[in-house]
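In what follows, a single structure is set out as structure tokens and then discussed.
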Amino acid sequence: MSFRPSKDEYYLEIAKSIGLRSPCMRKKFGAIIVRHDTVVSTGYNGPPRGGVNCFDIGCVRDELDMEHYAAYDATCPAVHAEENCIVNAARNGTKVLGGVLYIQGVSPEDNSLVESRPCHRCRRALINAGVTEVITRDTEGQILRYNVGEWTKTDTETYIKKYKEATAGK
């Protein structure tokens, strides 16, 4: 009997394949948005259209020995896979409201799975786009599900906590 992947596995493999187009030297991420069992948009991490990328000239973050998942805005020209997926839908007039985003990342060295979790900026974009769920795999291949609606509460609580810390003693 042959193996038939689940829908989640199927869509994650599509996202993984899309990520292989990424010009990033550190990690390659691919994302898709699915509505009503149909892929409505795709995206991978890379610079804005026509912009320079690390694949062509080298990676500033590697040269500065910077950690992964931190301080993107100042040192990386990339638009994240989730953002590109939302933007590509908008460019084509495609509705993502109520959709599910699948994201998968791999290492450029050996295509092994890497942690794929939306950063805070991407979480906010997904909330505002109306995406309801994010599905990914951990480095062991286990499927992980995130309820996007819960991120609003978490983001709000984190901000209030940081604000109170910043204003304590004033």
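From a predicted model like this one, the values you see are computed outputs, not experimental measurements.
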| task | Verify side chain to side chain contact (heavy atoms under 4.5 Å, CB included) between Lys153 and Thr156, making sure each step is shown before the conclusion. | result | CA-CA 5 Å; Lys153 180 182 176 200; Thr156 299; 5.9 Å; no

| said: Using the side chain to side chain donor-acceptor pair (under 3.5 Å) criterion, which residues pair with Lys7? Sequence neighbours excluded. | reply: Asp37

| Between Thr136 and Ile103, is there a donor-acceptor pair closer than 3.5 Å when you use the side chain of the first and the backbone of the second? | yes

| message | Does either side chain, that of Ser6 or that of Glu9, offer a donor lying less than 3.5 Å from an acceptor on the other one? | response | yes

| task | Might you point out which heavy atoms bring Arg35 and Lys95 nearest each other, and give the distance in Å? | result | CD-O, 3.0 Å

| Where Asn45 and Lys27 come nearest, the two heavy atoms and their spacing | ND2-O, 3.0 Å

| task | Consider only side-chain heavy atoms of I, L, V, M, F, W and Y, link residues closer than 4.5 Å, and tell whether Leu144 and Val131 are in one cluster. | result | yes

| query | Considering all heavy atoms of both residues, which atom of Gly19 and which atom of Lys28 are nearest to each other, and what is their separation? | reply | O-CB, 3.3 Å

| request: Examine the side chains of Asp110 and Ser112 and answer whether a donor and an acceptor come within less than 3.5 Å of each other. | output: yes

| Salt bridge between Arg145 and Asp8, side-chain N to carboxylate O under 4.0 Å? | yes

| message | Please enumerate all residues that pass side chain to side chain donor-acceptor pair (under 3.5 Å) together with Thr38, with sequence neighbours excluded. | response | none

| request: Give a yes or no on whether a salt bridge exists between Asp155 and Arg123, defined as a side-chain N under 4.0 angstrom from a carboxylate O. | output: no

| field | Min side-chain heavy-atom separation Lys16-Val106 under 4.5 Å | value | yes

| request: Find out if a path of hydrophobic residues (ILVMFWY) with successive side-chain heavy-atom gaps under 4.5 Å connects Ile33 to Tyr146. | output: yes

| task | Report yes if the side chains of Ile135 and Ile143 come closer than 4.5 Å at any heavy-atom pair, otherwise no. | result | yes

| said: Would a single hydrophobic cluster contain both Val40 and Ile32, if residues Ile, Leu, Val, Met, Phe, Trp and Tyr are joined by side-chain heavy-atom contacts under 4.5 Å? | reply: no

| message | Could you tell me if Gln142 and Arg137 have a donor-acceptor pair between their side chains, going purely by distance under 3.5 Å? | response | no

| For the side chain of Asn53 and the backbone of Phe55, is there at least one donor-acceptor N/O pair under 3.5 Å apart? | yes

| message | Is it the case that the side chain of Thr167 and the backbone of Glu165 share a donor-acceptor pair, with hydrogens and angles ignored and the cut-off at 3.5 Å? | response | no

Pairs of donor and acceptor atoms involving the side chains of residues 82-90, under 3.5 Å and at least two apart or interchain, shall be tabulated with distances.
| from | atom 1 | to | atom 2 | distance (Å) |
| --- | --- | --- | --- | --- |
| Glu83 | OE1 | His80 | N | 2.8 |
| Glu83 | OE1 | Arg121 | NH2 | 3.0 |
| Glu83 | OE2 | Arg121 | NE | 2.7 |
| Glu83 | OE2 | Arg121 | NH2 | 3.3 |
| Asn84 | ND2 | Tyr44 | O | 2.8 |
| Asn88 | OD1 | Arg49 | NH2 | 3.0 |
| Asn88 | ND2 | Thr42 | O | 2.8 |
| Asn88 | ND2 | Asn84 | O | 3.1 |

| field | Heavy-atom check, side chain of Pro118 versus side chain of Val134, under 4.5 Å | value | yes

| query | Among the clusters formed by ILVMFWY side chains lying less than 4.5 Å apart, do Val100 and Tyr10 turn up in the same one? | reply | yes

| said: When you group the ILVMFWY residues by side-chain heavy-atom contacts below 4.5 Å and let the links chain together, are Val96 and Leu126 in the same group? | reply: yes

